[in-house]
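In what follows, a single structure is set out as C-alpha cells and then discussed.
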Amino acid sequence: MIYQGYKVTPHCPRCGTSLSSHEVALGYKDDTVDPSVYIKFQIKALPAEIAGEKSPGFSLSKAVSDGKAYFLAWTTTPWTLPGNTSLALAADADYAVIEYQGDFLVFARALMEQAGIGDRPVLKTIKGSQLTGSLYIPLFNPHEFNVERKRAREGQPGQFDIQEPDAHLTYKVITADIVSLEDGTGIVNIAPAFGEVDFLAGLEHNLDFVQQVDLSGNITGTYPFSGKFVKAADPEVLADLDRRGLLHKSGKITHTYPFCWRCDAPLVYYAKKTWYIRTSAKKDEMIAGNRQINWYPEHIKEGRFGDWLQNNVDWAFSRERYWGTPLNIWNCENCNHFECLGGLDEIKARKGLKGFAGDMDLHRPYVDDISYDCPECGGKMARQTEVIDCWFDSGAMPFAQWHYPFENDSKFKESFPADYISEAVDQTRGWFYSLHAISTLVFGQPCYKNVICLGHILDAEGEKMSKTRGNVVDPWTVLDSSGADALRWYMFTSGPPGNVRRMSPDMVVEVMRNFLMTLWNTYSFFVIYANIDNFIPGTQPVSLTSELDKWLMSRLNQLVLDVDELLANYDPTTAGRKIESFVSDLSNWYVRRSRRRFWKSQNDDDKLSAYNCLYQTLVTLSKLLAPFIPFVADEMYQNLVRSVDGKAPESVHLVSFPVADRDLINAVIIEDTELAMKICSMGRAARSKSAVKVRQPLPRVVVKARSAHEQEALKNLCSQILDELNVKDIEFTSEELKEGKAMSVAVDGDYQVGVVTEITPELLQEGLAREIVRRVQTMRRSAGLEIADHITTNYLGNDQVDNVMAAFADYIQQETLSVALLKGIPAEVARTEKFKLSGIEVTLAIRKQEP
RNA sequence: GGGCCAUUAGCUCAGCUGGUUAGAGCACAGUCCUGAUAAGACUGGGGUCUGUGGUUCGAAUCCACAAUGGCCCA
C-alpha cells in the first residue's frame with residue numbers, strides 16, 4: 001500500500017517541501033497576475049506524410065527548410081521553457097499556417113483571434129494528428145547551459161538515465177487529450193519536470209526530462225538568468241527569447257494559482273521522489289463506507305465529500321521536514337532494499353542495530369542515528385529522512401490517542417467508531433478525509449457515524465476573514481463584551497450550521513439582550529421573590545389548578561420533547577430557536593400574568609403552585625440549555641438546585657437530559673392560550689387607538705371569534721384576558737363590531753375585538769388608585785428602597801383624593817407595602833412629589849418603615 | 001474551466017411536501033406598560049421574494065438558463 005514514486009508535486013520553494021493536495025487547497029488565489037506569452041518553436045522536420053505533400057502556392061516543407069516555420073505555443077510560466085522537451089497538440093483539431101512578418105506560424109485555427117492574428121489569410125490547414133512526430137529545435141539546448149538531460153528508464157518511473165550531449169538536439173511533437181481549444185494556441189508546452197500532466201506525458205512518450213530548477217526555486221546551470229528565483233527569471237527568459245526573435249507576443253493574464261498556505265510563496269510543480277499511500281486501491285471501500293455516514297447538511301455526502309472520494313488520488317504522505325512523526329522506512333544504502341518497521345519490538349529485533357537506546361526519543365535528530373544490517377546484502381540500512389504528513393497523525397487520532405493496538409484495547413473499542421464529529425466544510429479534504437481514509441485502510445470501516453459540517457464565518461461584508469486582510473473579528477472583544485455563552489447562542493441560533501454566515505459583534509450583543517437577558521431576568525425574578533417568601537422547592541405538592549400553570553407545564557414538556565428530538569436529528573438551530581420562543585413566552589406571558597400571584601401576601605396554594613411551576617421550568621431550562629450555554633446553565637443550576645439539595649449532582653453537566661412528561665402536555669390549552677394571546681394583542685391595539693391609558697380600567701371588551709368553540713375556550717381563559725387588558729368584563733358577539741364614540745375596534749381576519757371606552761366615576765376612581773400606586777412605586781425606586789421594604793405613605797389632595805385613598809386603601813397598601821396611608825405631609829420624609837393626575841393635584845410622600 | 005451551496009424588508013434570518021393578505025428579531029419613528037427587565041406592548045414606514053423564461057387554475061416554493069457571492073476542485 002506504500003510506494004515511492006517519482007512524481008510531480010506542488011512544491012513550496014521557500015519551505016523546501018512538497019504540499020499535499022489538501023494543503024494546496026488552502027492557498028489558491030483567484031486574482032494572480034502572471035505572464036501570458038506566445039512563443040515560437042522552430043520546426044526542424046515534418047513527418048514524412050506531409051513533408052512530401054505538394055500544394056499549389058504554399059509549401060510548408062519549404063518554409064521548414066528555410067528555417068522560417070514555427071509552432072506557436074502559449075504558456076503562463078516562461079521559467080519552465082528551458083525544461084520544455086515536447087509540444088502537445090490536439091489530434092482532432094485543425095491547425096492553420098499563416099504568414100506573419102516573414103515567418104510561418106502553426107497554431108490551432110479556432111484560436112487565431114486570441115493570438116492577435118485573426119485577420120491573416122490561412123495558407124494551409126493540417127490536422128493535429130498529421131503533425132505528430134514533427135521535430136523542433138529546443139529554445140534552450142540543456143547541454144549548452146550545463147544542465148543534465150535525462151530519460152526515464154523503461155518501466156521504472158523512479159529511475160532515470162542521463163543522456164549524452166547533442167549539439168543538434170531536437171524534440172518531437174506529440175498529441176494529447178488535455179490540449180484545450182479554449183485558450184492558448186492549441187499547442188501546449190510540455191516540461192515533464194514541472195507538471196503532473198507533463199510528467200505523465202513524458203513517461204508515456206518516453207520524453208526527455210530536464211530539471212533546471214533546484215528545490216529552492218532557483219534556476220541552475222549557466223543560463224543568462226541562472227541563480228534567479230523562477231518568478232524573477234520570467235522577464236529575463238522572455239527578454240532572451242525576444243532578442244532571438246522567438247517571442248511572438250507577451251501580455252498578462254489574471255487567473256487562479258496556488259500559493260503556500262504557510263508562507264504565501266507561489267507553488268512550483270516539481271518532479272521529485274515522494275512516498276505515497278495507494279489510497280486509490282481502496283477507493284470503492286471508502287465510497288461504500290461514506291454511504292453509512294450521516295452528513296449534515298446532507299448534500300456534502302454525495303456532493304463535496306462524495307466527489308472527493310470519486311476523484312481519489314494516492315496520498316503523498318512524506319514530508320521533507322524536521323518536526324513531525326518520522327517516516328518509519330529504512331533502506332539499504334548498498335542494494336536499495338526497503339523495510340518498514342512497525343514498532344519498537346521490530347527495531348530491537350534488527351541485526352547489527354546501531355544508534356539505538358532503550359529510552360531514546362524516537363524523533364529527529366536522534367532517530368536518524370539508528371541503522372542496522374541489511375538482511376539482503378549486509379549493507380547499512382538507514383532511515384528515509386522524511387517525516388509523515390501531520391494530516392496522517394490527525395487521521396490516526398481514533399486509535400493513536402489510546403496508543404492502540406499496543407494497549408487500551410477496551411477503551412479504544414468503546415469509542416470507535418465515534419458517534420459524531422464536527423468541523424468546517426474545508427475539512428472535507430482535510431480531517432474528514434484523513435480520518436476516513438485511514439480508518440478504511442486499517443479497519444475497513446468508517447470511524448464516525450454523524451458529521452455536522454460547518455459553513456465558514458464571514459465578515460459583515462460577506463468576505464472571508466483573514467489576518468492579512470485585517471477584517472478579522474477578534475473573538476476576545478466579543479467574549480469580553482458579550483460573553484462566551486452569548487457567542488455560543490448566536491452561533492447556534494443565527495442560522496443553520498452548514499450555511500456561511502456574516503458576522504459582526506453587534507449580532508452577538510443582540511442575542512445577549514434578546515435572549516440571555518430575558519432568561520436571566522426571569523430567573524432573577526424568581527430568585528428575588530422566592531427569597532422574600534422563603535420558598536423551598538420540593539416540599540409542597542404541585543397542584544395544577546390554574547389554567548396558566550397547566551399551560552406552562554404543557555409548553556415546557558412539549559419543548560423538552562421537541563428539543564430532544566431536534567438534537568437527536570443534529571438540528572441545534574431549530575432546537576435553540578424553540579427554546580428562545582419558549583423563554584420569550586415564559587417571561588412575557590407566564591411571569592407577566594402571574595406577577596400578582598407572587599406578590600400577594602397570603603401563602604396559599606395558588607402562590608405555591610406558581611412557585612413550583614416556575615421553579616420546575618427554570619430547572620428544566622437549565623438542563624435543556626446546558627449543551628448550548630454551559631456557563632449560564634450551570635450558574636442557574638447551582639443556585640436553583642445545588643444550594644437547596646447538597647445531594648444533587650455537582651453540576652448541570654452531570655445531570656441527565658430532561659425527559660418530557662407527555663401526560664402534562666395539553667394541546668388544547670396550548671392552542672386556546674395562543675388564541676387568548678391573540679385577542680389580547682388585538683385588545684391592546686384597540687386600546688391604544690382609543691388613546692385611553694392602559695392604567696385606566698374600562699368596563700368591557702367585546703370579542704367576535706370564529707366559532708362557538710373558540711368562545712368557550714376564551715371564556716375559560718377570560719380572567720387572563722381581563723387582567724391583561726385592564727377591563728372589567730368580557731362579552732362575545734357574532735355581529736360585526738362598529739367603531740364608535742364609546743367603542744374602539746381592532747380587526748384581524750375573522751377576528752374583531754372592541755373596547756368600550758365609557759369611563760364611569762367608579763372606574764375613574766380606580767384608575768386614579770392605579771396611578772397613585774404607580775407613582776408611589778416609582779418613588780420607592782428612586783428613593784433606593786428594597787423591594788420588600790415597608791413604608792408609610794402620606795398624601796395631600798382634594799376630596800376626590802381622600803375618597804380614592806379610602807376606597808382603595810387595601811389595594812394601595814398591598815401593592816406599595818405601605819403600613820399606613822396618612823393624610824398630611826410631615827417634615828421628615830424620604831421623598832415628596834407633586835403630581836397632576838387626571839387634572840387633580842396630588843402630593844405624595846413616603847418614608848421607610850423600620851422593622 | 002468543473003462541482004456544491006446561497007440570494008426573501010436597511011441588517012440577521014423563518015417560510016421551500018406548490019394554495020387566503022410573504023413573517024420574526026434588530027434598527028428607525030410615535031404612543032403605551034413596568035418594583036424581574038440592557039426587557040415588553042401597540043401603531044407606522046420599509047418587499048418586483050436576484051433576474052429571465054417555463055410547468056400549473058395557482059409559484060418565494062418545482063424546472064431551465066443567467067447574474068452575484070461563498071466554498072471546493074482543476
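Here is how names work: the chains are called A, B, and so on, in the same order as the sequence lines, proteins then strands, and each is numbered from 1.
Between the P atoms of rU43(B) and rA24(B), the separation comes to 10 Å (whole Å). With C1' as the reference atom, rU20(B) and rG15(B) are 15 Å apart, rounded to whole Å. Between rA14(B) and rA6(B), the two P atoms lie 11 Å apart (nearest whole Å). Of the P atoms belonging to rC42(B) and rA60(B), the separation is 28 Å, rounded to the nearest Å. Comparing rC26(B) with rC62(B), their C1' atoms are spaced 33 Å from each other, to the whole Å. To the nearest whole angstrom, the two C1' atoms, one in rG19(B) and one in rU61(B), are 11 Å apart. For the P atom pair drawn from rU37(B) and rC71(B), the interatomic distance equals 46 Å after rounding to whole Å. Nucleotides rC11(B) and rC72(B) are separated by 26 Å at their P atoms, to the nearest Å.
For rC42(B), the paired base is rG30(B) (Watson-Crick or G-U wobble, both distances below 3.5 Å). For rU48(B), there is no paired nucleotide, since no Watson-Crick or G-U wobble pair has both relevant distances below 3.5 Å. If you check rG1(B) for Watson-Crick or wobble pairing at under 3.5 angstrom, you find it paired to rC73(B). Checking rA6(B) for Watson-Crick or G-U wobble geometry (two distances, each under 3.5 Å) identifies rU68(B) as its partner. Partner assigned to rC57(B) is rG19(B), using Watson-Crick or G-U wobble distances below 3.5 angstrom. A 3.5 Å limit on both hydrogen-bonding distances identifies rG25(B) as the Watson-Crick or G-U partner of rC11(B).
Evaluation of the ring-ring contact (aromatic ring centres under 6.0 Å, His included) rule for Phe305(A) yields Trp295(A), His436(A) as partners, not counting sequence neighbours. Under the rule for a ring-ring contact (aromatic ring centres under 6.0 Å, His included), the partners of Tyr529(A) that lie at least two apart in sequence or sit in another chain are Phe525(A), Trp599(A).
For rU37(B), the base has a donor-acceptor partner in the side chain of Arg595(A) [N/O atoms by modelled type, under 3.5 angstrom]. Counting distance only, with no hydrogens placed and no angle test, the side-chain atoms of Ser681(A) and the base atoms of rA41(B) include no donor-acceptor pair under 3.5 Å.
Within 4.0 Å (heavy atoms only), Glu815(A) reaches no atom of the nucleic acid at all. Across all strands shown, Arg684(A) has heavy atoms under 4.0 Å from sugar-phosphate atoms exclusively, and none from any base. Among the heavy atoms of the strands lying under 4.0 Å from Arg695(A) are primed sugar atoms or P, OP1, OP2 only; no base atom is included.
Between Ser394(A) and Ser434(A), the side chains place a donor N or O and an acceptor N or O closer than 3.5 Å (distance only, hydrogens not considered). Between the side chains of Thr793(A) and Ser818(A), at least one donor N or O sits under 3.5 Å from an acceptor N or O. In the model, Asp533(A) has a side-chain atom that pairs as donor or acceptor with a side-chain atom of Tyr611(A) under 3.5 Å. Between the side chains of Asn189(A) and Thr80(A), at least one donor-acceptor pair of N or O atoms lies under 3.5 Å. No side-chain N or O of Asp480(A) forms a donor-acceptor pair with one of Thr477(A) less than 3.5 Å apart. Side-chain polar atoms of Trp589(A) and Glu724(A) form no donor-acceptor pair below 3.5 angstrom. Gln777(A) and Glu815(A) share no side-chain donor-acceptor pair at under 3.5 Å. If you check the side chains of Thr778(A) and Arg774(A), you find a donor sitting under 3.5 Å from an acceptor.
Distance, Lys578(A) NZ to rC13(B) P: 20 Å, rounded to whole Å. If you take CD1 of Ile457(A) and C1' of rU12(B), they are 14 Å apart, rounded to a whole angstrom. Atom CG in Leu519(A) sits roughly 14 Å away from atom P in rG40(B) (whole-Å rounding). The CZ atom of Arg770(A) sits 10 Å away from the C1' atom of rU34(B) (whole-angstrom rounding). Atom CZ in Arg775(A) sits roughly 13 Å away from atom C1' in rC33(B) (whole-Å rounding). A straight line from CZ of Arg781(A) to P of rC33(B) spans 15 Å, rounded to a whole angstrom. Across the protein-nucleic acid pair, Arg577(A) atom CZ and rU12(B) atom P stand 14 Å apart, rounded to whole Å. Here the P atom of nucleotide rC72(B) and the CZ atom of Phe432(A) are 13 Å apart, to the nearest Å.
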TODO: Give the C-alpha distance, both sets of side-chain angles, the deciding distance and a yes or no for side chain to side chain donor-acceptor pair (under 3.5 Å) between Asn726(A) and Arg770(A).
DONE: CA-CA 11 Å; Asn726(A) 196 18; Arg770(A) 271 192 73 156; 3.3 Å; yes
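Ring centroid separation for the pair Phe628(A) and Phe492(A) comes in under the 6.0 Å cut-off.
Checking rA14(B), rU12(B), rC32(B) against the side-chain heavy atoms of Ser494(A) singles out rU12(B) as nearest. When the nucleotides rC32(B), rA14(B), rC71(B) are ranked by their closest atom to the side chain of Val425(A), rC71(B) comes out on top. Among the nucleotides rC33(B), rU43(B), rC71(B), the one closest to the side chain of His456(A) is rC71(B).
Glu674(A) and Lys678(A) are not joined by a salt bridge, as no carboxylate oxygen comes within less than 4.0 angstrom of a charged side-chain nitrogen. Ion pair Arg488(A)/Asp485(A) flagged as a salt bridge, since at least one NZ, NE, NH1 or NH2 atom sits closer than 4.0 Å to an Asp/Glu carboxylate oxygen. Between Lys728(A) and Glu766(A) there is a salt bridge, with a side-chain nitrogen of the basic residue lying less than 4.0 Å from a carboxylate oxygen of the acidic one.
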All N/O pairs under 3.5 Å across the protein-nucleotides 62-68 of chain B interface:
none

Measure all distances between protein nitrogen or oxygen atoms and nitrogen or oxygen atoms of nucleotides 25-29 of chain B, and list the pairs falling under 3.5 Å.
from, atom 1, to, atom 2, distance (Å)
rG25(B), O2', Glu510(A), OE2, 3.2
rG25(B), O2', Asn514(A), ND2, 3.0
rC26(B), O4', Glu510(A), OE2, 3.2
rC26(B), O2', Glu510(A), OE1, 3.4
rA27(B), OP1, Arg513(A), NH2, 3.2

Every protein N/O within reach of nucleotides 2-7 of chain B N/O, cut-off under 3.5 Å:
from, atom 1, to, atom 2, distance (Å)
rG3(B), O2', Asp307(A), OD2, 3.1
rG3(B), N2, Arg304(A), NH2, 3.3
rC4(B), O2', His299(A), ND1, 3.3
rC4(B), O2, Arg304(A), NH2, 3.3

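If Met517(A) and Lys693(A) are placed on RNA chain B by their nearest nucleotide, the residue sitting closer to the 5' end is Lys693(A).
Contacts between residues 520-530 of chain A and RNA chain B, defined by a heavy-atom separation below 4.0 Å, involve Asn521(A), Thr522(A), Ser524(A), Phe525(A), Tyr529(A), listed by number.
In this structure a side-chain-to-backbone donor-acceptor pair under 3.5 Å is missing from Asp198(A) to Pro192(A). Checked by atom type and distance alone, the side chain of Arg687(A) pairs as donor or acceptor with a backbone atom of Leu725(A) at under 3.5 Å.
Look at Arg774(A) and you'll find a side-chain N or O under 4.0 angstrom from OP1 or OP2 of rU34(B).
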